[in-house]
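These numbers come from the heavy atoms of this one structure, side chains and all, not from hydrogens, waters or symmetry mates. By convention in this document, chain letters (A, B, ...) are assigned in the order of the sequence lines, proteins followed by strands, and residues within each chain are numbered from 1.
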Amino acid sequence: MAYELIAIGTSLGGLSALKTLLGYLPKEFPAALAVVQHRHRESDEVLSSFLQQFTLLPVHEVEDKEQIQPGNVYFAPADYHLLVESGYFSLSIDEPVSYARPSIDVLFESTADAYAERAIGVLLTGANQDGVQGLSILKARGGMTIVQDPDTAESPTLPNAAIANVAVDLILPLSQIAPQLIQLCTSAGGYSCKPSLQ
Amino acid sequence: MDCIDPMKELQLEDVEVQLLIEGLYRRYGYDFRNYAQASLKRRIHSFLKVEGLPSISVLQAQVLRDRAYADRLLMGLTVNTTAMFRDPSFYMAFRQQVVPILRTYPFIRIWHAGCSTGQEVYSMAILLQEEELYHRCRIYATDANEQVLRTARNGIYPAKQMQEYTQLYLKAGGQRTFSEYYTASYESVILRPTLRERIVFGEHNLVTDGSFNEFNVIICRNVLIYFNQILQNHVHELFYNSLCKFGILGLGRQETLRFTKYETLYEDLVKAEKLYRRRS
């Protein structure tokens with residue numbers, strides 16, 4: 001089964017990490033990407049328009065019930081949780097999770113529910129632990145899990161916490177994550193055998 | 001095999017969620033059947049955690065037999081995040097773009113659907129008072145939940161929130177000193193009673209209840225995000241039929257008519273703030 005959705009979570013240092021990661025993906029990239037970057041609740045669409053300069057893929061701030069289309073990058077809007085349903089996104093203004101709204105856990109857990117083994121979860125640089133629990137649930141549901149090598153992270157707290165708590169599939173330096181995603185999402189028939197750390 | 005396959009467990013849980021929702025509907029008439037699944041599931045799970053229950057099935061058994069417990073679950077399943085002048089740019093746009101239109105009407109009926117504990121309704125009342133339009137207005141503020149309506153009617157809020165509300169009020173284009181609008185009493189503030197004068201609070205369920213008047217403005221912000229597309233279309237039909245010609249619809253910042261059947265029946269009034277105007 002092919003990977004259809006890549007959920008990405010990051011906080012401190014995320015902007016430049018996302019620049020690198022998204023900038024590397026080709027125009028015909030066959031999966032959709034959903035991103036939670038912790039941000040101030042009054043920040044506007046500057047984040048997505050900034051990142052649009054560095055990627056060939058169209059970048060959106062999600063509007064409620066927006067369809068999930070391959071080759072698009074979807075950002076959680078400020079002050080809303082981003083939730084994945086089957087084929088589309090929902091938003092919520094439920095209370096913050098781990099002090100965060102949007103919360104990475106909320107994105108990852110709903111991704112695990114709706115896409116399970118068709119999803120990849122990626123945790124990048126970050127200064128807290130939001131996302132660790134979600135990654136562990138995604139892993140349990142058969143999704144692929146990738147964590148940025150803490151040595152290459154501007155803030156290693158989040159990657160370290162993920163590695164300590166989840167048997168993640170891959171730990172990769174930032175520069176290797178996008179090439180790996182391309183390989184995972186485009187190599188025909190290679191999805192059944194997951195690469196592992198062993 | 002003894003170990004539960006994670007996929008099977010996921011499917012099992014989906015069945016449990018469906019049964020609980022169906023049970024709530026058949027036993028009490030609470031209709032969550034067309035709510036957005038992902039957030040509903042999260043809320044059920046956090047309710048389980050708070051109550052220390054092992055599974056959704058256990059919750060279901062208890063809910064079906066105990067009405068008070070069902071009401072507690074109901075509170076847990078509905079969202080009541082709100083603040084005065086939440087998204088201040090919305091109020092600023094309303095002041096600048098909608099108020100001039102409203103000035104042309106002799107009498108203005110506003111429906112605030114899903115008003116929760118009332119903060120955003122009182123914000124509108126303040127705005128209209130400052131624009132010297134309030135005496136010509138009637139605001140119908142509705143919610144499906146009786147408990148939050150009681151708070152809304154009282155207009156009493158924790159004093160510790162006033163600092164935040166003051167900031168938002170100023171960003172929203174407020175023209176006075178925010179503290180003029182309330183009286184502080186210990187840990188609480190009571191909003192000035194004149195703000196309530198033109199507001200009618202009432203119970204109305206967007207899922208099950210119909211149209212009850214014709215309005216010049218309908219405000220429904222961050223309520224429909226909890227519904228699936230079937231239910232959103234249903235509510236938009238209700239709104240469309242409840243708006244007068246050229247009436248104004250205000251949605252939440254990340255809500256849109258784009259994915260509904262009603263997109264072509266409105267034009268953008270202020271695109272970024274999701275203020276729409278009925279075409280005819």
Side-chain angles (χ1 to χ4, degrees), chain A residues 1 7 34 41-45 48 60-68 74-97 101-103 105-119 133-134 136-143, chain B residues 3-11 13-14 17 35-43 45-46 76-83 86-89 114 116 164 167-168 171 221-233 236 251-260 263 271-274:
Chain A
M1 198 178 287
R41 67 187 162 128
E42 280 171 49
S43 67
D44 48 20
E45 299 201 5
S48 51
H60 315 255
E61 297 258 319
V62 172
E63 289 189 311
D64 183 53
K65 302 299 176 286
E66 189 156 350
Q67 273 194 8
I68 299 173
Y74 299 96
F75 268 86
D79 213 19
Y80 285 88
H81 291 303
L82 176 62
L83 297 104
V84 171
E85 311 262 6
S86 188
Y88 61 93
F89 293 107
S90 278
L91 299 173
S92 102
I93 54 165
D94 284 15
E95 40 295 312
V97 174
R101 184 171 63 207
S103 143
D105 278 336
V106 172
L107 171 66
F108 280 17
E109 286 169 29
S110 59
T111 299
D113 263 11
Y115 281 75
E117 78 285 1
R118 292 173 293 143
Q133 192 188 324
S136 127
I137 291 172
L138 181 60
K139 166 87 189 171
R141 295 270 159 84
Chain B
C3 86
I4 304 170
D5 175 348
M7 277 318 292
K8 290 259 172 56
E9 201 187 300
L10 183 57
Q11 285 156 5
E13 197 186 78
D14 282 342
V17 170
Y35 271 55
Q37 281 293 305
S39 54
L40 186 62
K41 234 168 134 173
R42 273 200 77 83
R43 306 188 131 249
H45 276 290
S46 57
L77 294 186
T78 44
V79 185
N80 294 302
T81 308
T82 181
R86 188 173 206 278
D87 298 328
S89 57
S116 188
E164 185 203 350
Q167 292 303 316
L168 293 169
K171 282 185 192 151
R221 309 192 70 227
N222 299 315
V223 175
L224 302 186
I225 47 177
Y226 293 100
F227 299 168
N228 70 14
Q229 277 172 300
I230 297 168
L231 191 49
Q232 287 192 353
N233 274 312
H236 276 301
L251 302 178
R253 197 184 73 226
Q254 298 300 130
E255 293 177 312
T256 177
L257 286 172
R258 253 203 304 156
F259 312 121
T260 74
E263 182 183 13
K271 202 169 181 193
E273 298 300 336
K274 303 302 160 59

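Using a 4.5 Å heavy-atom threshold, the side chains of B:Y35 and B:L77 count as separate. Two residues are said to be in side-chain contact when any heavy atoms from C-beta on lie closer than 4.5 Å; B:Q232 and B:E255 fail this criterion.
In this structure A:E85 satisfies the side-chain contact (heavy atoms from CB on, under 4.5 Å) test together with A:Y88, A:S90, B:A36, B:Q37, B:A38, sequence neighbours excluded. Residues meeting the ring-ring contact (aromatic ring centres under 6.0 Å, His included) test with A:F75, sequence neighbours left out: none.
With chain A as partner, the option from B:N80, B:I225, B:T256 having the largest number of non-hydrogen pairs under 4.5 angstrom is B:I225. Here B:R42 is the residue among B:Q229, B:K41, B:R42 with the most heavy-atom pairs under 4.5 Å with chain A. The residue among A:A112, A:S110, A:P77 with the most heavy atom pairs within less than 4.5 Å of chain B is A:P77. Taking chain B as the reference chain and counting heavy-atom pairs below 4.5 Å, the highest number among A:I93, A:L83, A:L91 is found for A:I93.
Neither the backbone nor the side chain of B:L251 comes within less than 4.5 Å of any heavy atom in chain A. Contact of A:E66 with chain B is made through backbone and side chain together, with heavy-atom distances under 4.5 Å. Contact of A:S92 with chain B is made through backbone and side chain together, with heavy-atom distances under 4.5 Å. Only the side chain of B:R86 comes within less than 4.5 Å of a heavy atom of chain A; its backbone N, CA, C and O stay farther away. Using a 4.5 Å cut-off between heavy atoms, A:V84 touches chain B through its backbone atoms (N, CA, C, O) alone. When heavy atoms are compared at a cutoff of 4.5 Å, B:R253 approaches chain A by way of both its backbone and its side chain.
Judged purely by distance below 3.5 Å, without hydrogens or angles, the side chains of A:S48 and A:E61 pair a donor atom with an acceptor atom.
A:D105 places a side-chain N or O within 3.5 Å of a backbone atom of A:G134 that can act as its donor or acceptor partner. Looking only at distances, a side-chain donor or acceptor of A:H81 sits under 3.5 Å from a matching main-chain atom of A:E95.
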